[in-house]
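Read through the structure below, which is laid out as structure tokens, and then see the notes.
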Amino acid sequence: MRRVLVCDDDLTISEVVAIILVDSNLAEVYTLPDCDNIIEKIDSLNPAIIFMDNKIPTQGGVVATQKIKSHPVYKSIPVIYFTASEDIDQLAEHAGADYILAKPFSITQLEEVVNKAFRASTR
């Protein structure tokens, strides 16, 4: 089963995403409450896609996503930027994210963006 990494300091959001994806048999889900050492964490978890919150400790989602997208091995991993910020489009573009998912989101919206990202993933 493909792995999804959810980076969000809001444990409720992480749990909701995990429950939906696991119950739908879409993915095995790993969660992180921060982005510290994001490259090392990706290296150990080997996710097919990554959800990145904007306001995640300590460096924030923009910087963490930029690190992923500038990495020679991990730059091809689809990143879904998700936040309740009204400027999600600009934040995601600045970060280099591949997809966006505005909070709050529906189960259908979550499943749709995950399926799109999985189709684009090479993992």
Side-chain angles (χ1 to χ4, degrees):
M1 183 168 289
R2 292 175 133 180
R3 292 181 178 178
V4 171
L5 175 58
V6 179
C7 301
D8 197 325
D9 59 324
D10 184 332
L11 298 179
T12 303
I13 296 288
S14 294
E15 288 175 11
V16 166
V17 171
I19 289 167
I20 293 167
L21 297 181
V22 170
D23 285 354
S24 301
N25 288 322
L26 286 174
E28 181 179 352
V29 179
Y30 294 87
T31 62
L32 295 175
D34 62 57
C35 292
D36 298 340
N37 304 310
I38 190 67
I39 297 302
E40 290 81 6
K41 291 173 180 175
I42 292 170
D43 195 38
S44 68
L45 296 173
N46 194 29
I49 61 175
I50 299 169
F51 279 86
M52 183 63 66
D53 180 37
N54 183 56
K55 294 183 180 179
I56 186 164
T58 54
Q59 58 193 337
V62 170
V63 172
T65 301
Q66 289 171 338
K67 285 183 180 181
I68 296 164
K69 291 303 184 177
S70 66
H71 192 276
V73 175
Y74 301 131
K75 65 183 177 184
S76 63
I77 298 174
V79 174
I80 301 166
Y81 209 78
F82 72 143
T83 181
S85 231
E86 289 182 16
D87 56 349
I88 186 171
D89 292 318
Q90 292 84 7
L91 289 167
E93 183 178 342
H94 182 66
D98 302 286
Y99 304 94
I100 61 169
L101 181 63
K103 296 176 186 175
F105 51 83
S106 70
I107 293 173
T108 302
Q109 289 170 318
L110 175 67
E111 290 174 341
E112 285 175 358
V113 74
V114 167
N115 284 320
K116 283 181 192 175
F118 274 148
R119 284 192 294 275
S121 179
T122 58
R123 296 177 166 269

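Just so you know, these numbers come straight off a predicted model, no measurement behind them.
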Which atom of I56 lies closest to which atom of C7, heavy atoms considered: CD1-C, 3.3 Å

Shortest non-hydrogen contact from P78 toward D98: CA-OD2, 3.2 Å

Gap between atom CG of N37 and atom CG of D43 - 0.5 Å precision: 11.5 Å

Of all pairs that satisfy salt bridge (Lys or Arg N to Asp or Glu O under 4.0 Å), the ones with a partner from residues 5-17, not counting sequence neighbours: D8-K103

All pairs passing salt bridge (Lys or Arg N to Asp or Glu O under 4.0 Å) where residues 22-35 contributes a residue, at least two apart: R3-E28, D34-K41

Backbone N/O of K67 and side chain of S70: donor-acceptor pair under 3.5 Å: yes

Spatial distance of atom OG (S76) from atom NZ (K69) [nearest 0.5 Å]: 7.0 Å

Members besides I19 in its Ile/Leu/Val/Met/Phe/Trp/Tyr cluster (side-chain heavy atoms under 4.5 Å): none

Single-linkage hydrophobic cluster L5~L11, side-chain heavy atoms < 4.5 angstrom: no

Hydrophobic cluster of L26, others only, ordered by chain and residue number, side-chain cut-off 4.5 Å: V4, V6, I13, V16, V17, I20, L21, V22, V29, I49, F51, I80, F82, Y99, L101, F105, I107, L110, V113, V114, F118

Over all atoms of both residues, closest heavy-atom pair of M1 and N25: CE-O, 3.9 Å

Min side-chain heavy-atom separation C35-M52 under 4.5 Å: yes

Contact list for residues 59-81, test ring-ring contact (aromatic ring centres under 6.0 Å, His included), sequence neighbours left out: H71-Y74

Taking every non-hydrogen atom, the tightest pair across Q66 and H94: NE2-O, 3.1 Å

Heavy-atom pair of closest approach, residues I42 and P47: O-CD, 3.6 Å

Which atom of R2 lies closest to which atom of A48, heavy atoms considered: CB-CB, 4.2 Å

Heavy-atom neighbours of Q109 CD exceed 12 at 6.0 Å: yes

Contact list for residues 75-91, test salt bridge (Lys or Arg N to Asp or Glu O under 4.0 Å), sequence neighbours left out: none

Side chain proximity check, E93 to Q90, heavy atoms < 4.5 angstrom: no

